[in-house]
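Letters A, B, ... are given to chains in the order of the sequence lines, protein chains preceding strands, and every chain is numbered from 1.
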Protein chains: 2
Amino acid sequence: MSDFAPTEARLRNTIQKYPAFPREPAVLVRLVKHLYKEVHDEANAVMRPYGLNHPEYNILMMLYGAPGNAMNPSQLADAAGEKSANVTRLTTRLSEMGFITRAASEDDRRKVELTLTPAGVELIETFLPDIVTLLHRQTRNLSMLEQAQLEGLLKKMLAGFGG
Amino acid sequence: MSDFAPTEARLRNTIQKYPAFPREPAVLVRLVKHLYKEVHDEANAVMRPYGLNHPEYNILMMLYGAPGNAMNPSQLADAAGEKSANVTRLTTRLSEMGFITRAASEDDRRKVELTLTPAGVELIETFLPDIVTLLHRQTRNLSMLEQAQLEGLLKKMLAGFGG
DNA sequence: TATTGAATATACAGAAATGAACTATATACT
DNA sequence: AGTATATAGTTCATTTCTGTATATTCAATA
C-alpha cells in the first residue's frame, strides 16, 4: 500500500520552484501510474503459476469476451492496449501453447483471425477464480457508489485524450 | 481518443459466460490500464525530442521535487514506480548524460545519493513547458471539482492495494 | 565482539516492448 | 484499367524491463 504523501510533498516543492506546474493534473497522472503498476505487478503474480503474464492474460480475456471468441490482431491491440508488433509476439506464443489459433480471414486477406481454442477457454475458466478474488481485493476500499463515480470520471478523463 | 464501448460489450459477454466476474472492478482496472498507456505513450512522444523517455522524465522530476534535488535509488524506485534494478540502469544513463551525479552516502555507506546537476535542472526547466501543456490537455475534460473528486477516489482505491 | 539477519545497491541473463521498415492486400481516384 | 494511397500484419534491430543472485554495509542480540 504505497504511501502517496511523499508524492504530494515533492509536488509542492516542484510548484514552488516552477509555479506553472499544474498540481491537480500532475497528481492524477501520478496516481494513475502508481495504480497501474500495482495492477500490473499483482496480475503478474497471480498469473505466474499458470505460466502466463499480465499481457497474455489480457489477450485471452479480450478474446473470451469477443463474439465467437475471435478477434483480429489490430482489434486486439486496441482492446488490450498493446502495440501491434507486441500483439504478434504475444499471440504467437499463445498459439504455440495451444490456447489460440491463427487463421487467414476469408473476406479480407490482409486480416488474420485469432480464436480461442477449447484448451484456451478451459485455461481461462481455471484461473478466473483467482482473478475474481484479485479484482475484489483491488477495489475493496470503494463502495459501489464510489466505484460508479470513479468509472464515470475515468471515462471522462480518457475521452479527453489524443487531441 | 480510444472508444470504451467495445470494452463494455466484451465485459457483458464475459459476465454472461462467467457470472462471478465482477463487472465494476474489471471496468476500473481496464480504464486505469488504458489511461496509463495513453499517459505513457504521450509522455514518450513529448520527451523524445529531448532525447529522453517517460521513465527518465519521471526520475528527473522526482529529484526536482526532492529536498536538495537528491534521493537514494530505493526512494527513487518507490517514487517513480520502477523496479530498483531498473533505477540503476536509468540513473546510470542519466548520469552518463551529465544530468545527475552519483555519490556514496556519508552516514550509511550502503546508500547512494543521486543528485540533479545544474545541467539537469536546466534541462528540466527547458522541457517543462511542453509537459505543462500535455498535462492540461490530458485533463481538459474534467472540471476542477471533478479532478478533486477523481483524486480522492483514486487515492482511496490505491490505499486498498497490497493486502 | 561475533553472529545472524535485514537493508541497499548492482550485475547479469533472459524476457518483453518499441519504432521503423517491409510485404501484401484492399480502396479510391482519375 | 492504372496508379496512388491506405490498411493489416509481420519482421527485425534495438531498447527497456524483470527476476534472481551477489556484494557490501548496517542493526540486533546473544
Side-chain angles (χ1 to χ4, degrees), chain A residues 33 36-60 70-97 100-115, chain B residues 33 36-60 70-97 100-115:
Chain A
K33 186 157 32 195
Y36 173 72
K37 297 280 182 181
E38 298 283 351
V39 164
H40 181 65
D41 287 353
E42 294 191 353
N44 270 332
V46 167
M47 294 311 293
R48 177 177 284 243
Y50 301 97
L52 299 174
N53 58 26
H54 181 215
E56 288 161 349
Y57 157 78
N58 267 321
I59 297 284
L60 291 175
M71 293 176 90
N72 310 121
S74 51
Q75 294 177 299
L76 209 38
D78 193 47
E82 297 289 340
K83 303 287 192 298
S84 67
N86 209 25
V87 168
T88 299
R89 182 183 59 84
L90 291 164
T91 55
T92 298
R93 198 176 105 87
L94 288 170
S95 129
E96 282 166 359
M97 295 192 291
I100 68 179
T101 57
R102 196 190 277 277
S105 168
E106 298 287 321
D107 45 318
D108 184 340
R109 301 191 24 217
R110 292 171 303 180
K111 290 189 183 172
V112 165
E113 207 172 60
L114 301 160
T115 310
Chain B
K33 184 155 34 196
Y36 173 73
K37 297 281 181 180
E38 298 284 351
V39 165
H40 181 64
D41 287 352
E42 295 192 352
N44 270 333
V46 167
M47 295 311 293
R48 178 178 286 243
Y50 300 97
L52 300 174
N53 58 25
H54 181 214
E56 287 161 349
Y57 157 77
N58 267 321
I59 298 284
L60 292 174
M71 293 176 89
N72 310 120
S74 51
Q75 296 177 298
L76 210 39
D78 194 45
E82 296 288 341
K83 303 287 192 299
S84 68
N86 209 24
V87 169
T88 298
R89 180 184 60 84
L90 290 164
T91 56
T92 298
R93 198 176 105 88
L94 288 170
S95 129
E96 282 166 0
M97 294 193 292
I100 68 178
T101 58
R102 196 189 277 277
S105 168
E106 298 286 323
D107 46 318
D108 184 341
R109 302 192 22 220
R110 292 170 302 181
K111 292 187 182 173
V112 165
E113 206 172 62
L114 301 160
T115 311

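- Side-chain to base pairing of Arg110(B) with dT24(D): no donor and acceptor N or O lie closer than 3.5 Å to each other.
- Spacing between atom NZ of Lys37(A) and atom C1' of dT18(D) amounts to 11 Å, rounded to whole angstrom units.
- Whole-Å rounding puts the Leu94(A) CG to dA16(C) C1' distance at 13 Å.
- Residues Arg102(A) and Asp41(A) both approach DNA chain D. Their nearest nucleotides, taken by heavy-atom distance, put Arg102(A) toward the 5′ side.
- If you measure from atom NE2 of His54(B) to atom C1' of dT15(D), you get 17 Å, rounded to the nearest angstrom.
- When side chains are defined from C-beta on, Leu52(A) counts as touching Leu60(A), because their heavy atoms get closer than 4.5 Å.
- Closest approach of Pro73(B) and Val112(B) over heavy atoms only: CD-O, 3.1 Å.
- Mapping Asp107(A) and Val112(B) onto DNA chain C via the closest heavy atom, the residue that lands nearer the 5' end is Val112(B).
- Residues Glu96(A) and Thr92(A) meet the side-chain proximity criterion, which asks for heavy atoms closer than 4.5 Å.
- For the pair Glu82(B)/Lys37(A), a side-chain contact is recorded, criterion being any heavy-atom separation below 4.5 Å from C-beta on.
- In this entry the distance linking CG of Asn53(B) with P of dT16(D) reads 5 Å, nearest Å.
- Among the protein residues, Asn86(A) comes within range of the nucleic acid bases, having at least one heavy atom under 4.0 Å from a base atom.
- In this structure, the CZ atom of Arg89(B) is 14 Å from the P atom of dG19(D), given to the nearest Å.
- Computed from coordinates, the Leu90(A) CG to dT18(C) C1' distance equals 13 Å when rounded to whole Å.
- Within 4.0 Å (heavy atoms only), Asn72(B) reaches sugar-phosphate atoms of the nucleic acid but no base atom.
- One atom, NE2 of His40(A), and another, P of dT16(D), lie 17 Å apart when rounded to the nearest Å.
- Look at Lys111(A) and you won't find any side-chain N or O under 4.0 angstrom from OP1 or OP2 of dA8(D).
- Within 4.0 Å of Arg48(A), counting heavy atoms only, lie sugar-phosphate atoms of the nucleic acid but no base atom.
- For the helix from dT1(C)-dA30(D) to dT30(C)-dA1(D), the end axes, each set by the C1' atoms of five terminal pairs, are bent relative to each other by 30° (nearest 10°).
- Position along DNA chain D of the nearest nucleotide to Glu82(B) versus Glu106(B) favours Glu82(B) as the more 5'-ward residue.
- Looking at heavy-atom distances under 4.0 Å, Ser84(B) makes contact with a base.
- Rounded to whole angstrom, the span from the CG atom of Leu52(A) across to the C1' atom of dA15(C) amounts to 15 Å.
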### Task
With side-chain contact (heavy atoms from CB on, under 4.5 Å) as the test, would you mind laying out the steps for Glu56(A) and Met47(A) before giving the verdict?
CA-CA 9 Å; Glu56(A) 288 161 349; Met47(A) 294 311 293; over 6 Å; no
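- Without hydrogens or angle criteria, Asn72(B) side chain to Ser74(B) main chain gives no donor-acceptor distance under 3.5 Å.
- Residues Gln75(A) and Asp78(A) fail the side-chain proximity criterion, which asks for heavy atoms closer than 4.5 Å.
- Residue contacts for Asn44(A): at a heavy-atom cut-off of 4.0 Å it reaches no nucleic acid atom on any strand shown.
- Between His54(B) and Tyr36(B), the two ring planes are tilted [angle within 30° to 60°].
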